[in-house]
Amino acid sequence: MIITSCGNSINLAKSLAKKLHVKYVPLDVGEFPDGDMYMRFKAKSFKGKKLVIVQSFQPHPDMSLFDVIWAAETAKDLGARKVILVAPYLAFMRQDKRFNAGEAISSKIMSKLLNKSIDKIITIDPHLHRYKSLKDIFTISAVKLTANDLIGDFVKRKIKNPVIIGPDWESYQWADKIAKQVGAESTCLAKTRFSSRRVTSKITRNVEIKEKNVVIIDDIISTGHTIIEAAKKAHKKGAKSVTAIGVHGLFVEGMDKLKKHVDYIYTTNTIVHKTNKIDVLPLLLKELKSLKI
Ligand code: R5P
């Protein structure tokens with residue numbers, strides 16, 4: 001096995017290589033003066049090898065997809081027997097239907113392209129909403145890992161007297177499991193999304209929030225508006241503190257607005273960010289160890 005990265009997740013890629021005692025091969029990703037892609041592995045051949053590309057699809061989701069395809073095709077051209085993509089965060093999954101006439105269903109296009117270029121994909125908590133499983137869009141072997149246990153352990157260690165809130169129905173799959181793991185009560189909000197930046201939400205089931213340390217758990221924190229709406233509800237009900245935990249912290253509009261409503265913000269390191277406090281390395285390590293090197 002050989003490990004590489006196209007630029008995102010370099011630290012995770014290098015740590016995985018170190019822990020697995022396999023080689024990390026650097027990859028140059030750049031461009032020619034005319035803007036054409038330039039790519040070069042620091043290796044002459046991958047003859048007979050399995051290549052693992054560790055690449056989060058943030059930042060630059062479009063380029064990440066393009067880079068992964070380029071890297072996988074180049075690796076095969078250099079003799080690689082198999083190319084496995086480890087995408088700690090897999091983008092495009094939220095566009096899982098045509099919400100407005102004429103739109104692209106990005107998740108389907110992304111998977112169609114990856115199905116052609118790679119042999120296996122491993123990802124963490126992909127946004128599965130209308131799709132029930134990764135098998136709905138991937139024809140290659142597709143493994144879904146979850147950071148639930150890692151987040152549960154973190155909440156147990158860090159937050160006393162918590163109550164867990166899922167800010168929408170999709171997120172309840174995380175919130176409910178983590179609440180059970182830490183032995184806390186949980187509830188879920190019913191969210192209505194009017195646009196990328198405008199959402200409203202209502203509490204669906206009343207739980208005691210007064211004087212509790214509320215933990216809002218979501219898979220993706222993108223603009224942050226989903227978390228902000230949930231935090232407003234928690235404050236209204238007398239929460240002692242509000243913590244937001246995201247598996248994937250995109251923070252596309254920075255953190256200023258969020259910080260006005262939330263006391264603490266933590267994420268896993270599926271996307272590199274200063275809020276990273278939960279390390280997914282053990283999860284990926286276990287999965288890669290189970291593959292024959
Ligand atoms: C959507 O269904 C996801 O689970 C997240 O709630 C959503 O992506 C968060 O987006 P934003 O931070 O822009 O509200």
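Atoms within a ligand are numbered from 1 in the order they appear, just like the ligands themselves.
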Enumerated ligand 1 atoms positioned under 4.0 Å from heavy atoms of Gly224
11 (P), 12 (O), 13 (O)
Atom 10 (O) of ligand 1: which of Gln173, His225, Lys191, Arg193 has the nearest heavy atom?
Arg193
When the aromatic ring centroids of Tyr38 and Phe32 are compared, is their separation below 6.0 Å?
yes
Between the side chains of Glu253 and Lys257, is the shortest nitrogen-to-carboxylate-oxygen separation below 4.0 Å, so that they form an ion pair?
yes
For atom 1 (C) of ligand 1, find the nearest protein heavy atom and state the residue, atom name and distance (0.1 Å precision).
His127 CE1, 3.5 Å
For Asp168, the ligand 1 atoms with a heavy-atom partner under 4.0 Å come out as 1 (C), 2 (O), 4 (O), 6 (O)
Closest protein heavy atom to atom 14 (O) of ligand 1, given as residue, atom name and distance to 0.1 Å:
Thr226 OG1, 2.5 Å
Which of the numbered atoms in ligand 1 are below 4.0 angstrom from a heavy atom of Arg94?
7 (C), 8 (O), 10 (O)
Go through ligand 1 atom by atom and flag the ones less than 4.0 Å from a non-hydrogen atom of Asp219.
3 (C), 4 (O), 5 (C)
If you count the atoms of ligand 1 from 1 in the order shown, which ones are under 4.0 Å from a heavy atom of Glu170?
1 (C), 2 (O)
Taking it one step at a time, do Val163 and Asn213 satisfy side chain to side chain contact (heavy atoms under 4.5 Å, CB included)?
CA-CA 6 Å; Val163 59; Asn213 293 311; over 6 Å; no
Check the side chains of Asp96 and Ser107 for a donor-acceptor pair under 3.5 angstrom, ignoring hydrogens and angles.
no
Please report which non-hydrogen protein atom sits nearest to atom 13 (O) of ligand 1, along with the residue it belongs to and the distance in Å to one decimal place.
Thr223 OG1, 2.6 Å
Just by modelled atom types, is the Trp70 backbone N or O under 3.5 Å from a matching donor or acceptor in the Glu73 side chain?
no
Counting only heavy atoms, which portion of His129 has something under 4.0 Å from ligand 1: side chain, backbone, both, or neither?
neither
Are any of the side-chain nitrogens in Lys76 or Asp119 under 4.0 Å away from the carboxylate oxygens of its partner?
yes
Closest protein heavy atom (residue, atom, distance) for atom 9 (C) of ligand 1:
Ile220 O, 3.4 Å
Just to verify, which of Asp218, Leu189, Asp176 counts as forming a side chain to side chain contact (heavy atoms under 4.5 Å, CB included) with Ser171?
Asp218
Under 4.0 Å from a heavy atom of Asp218: which atoms of ligand 1 are those, numbered in the order shown and with their elements?
4 (O), 5 (C), 6 (O)
Please tell me whether Thr123 and Lys144 have a donor and an acceptor in their side chains that are separated by less than 3.5 angstrom.
no
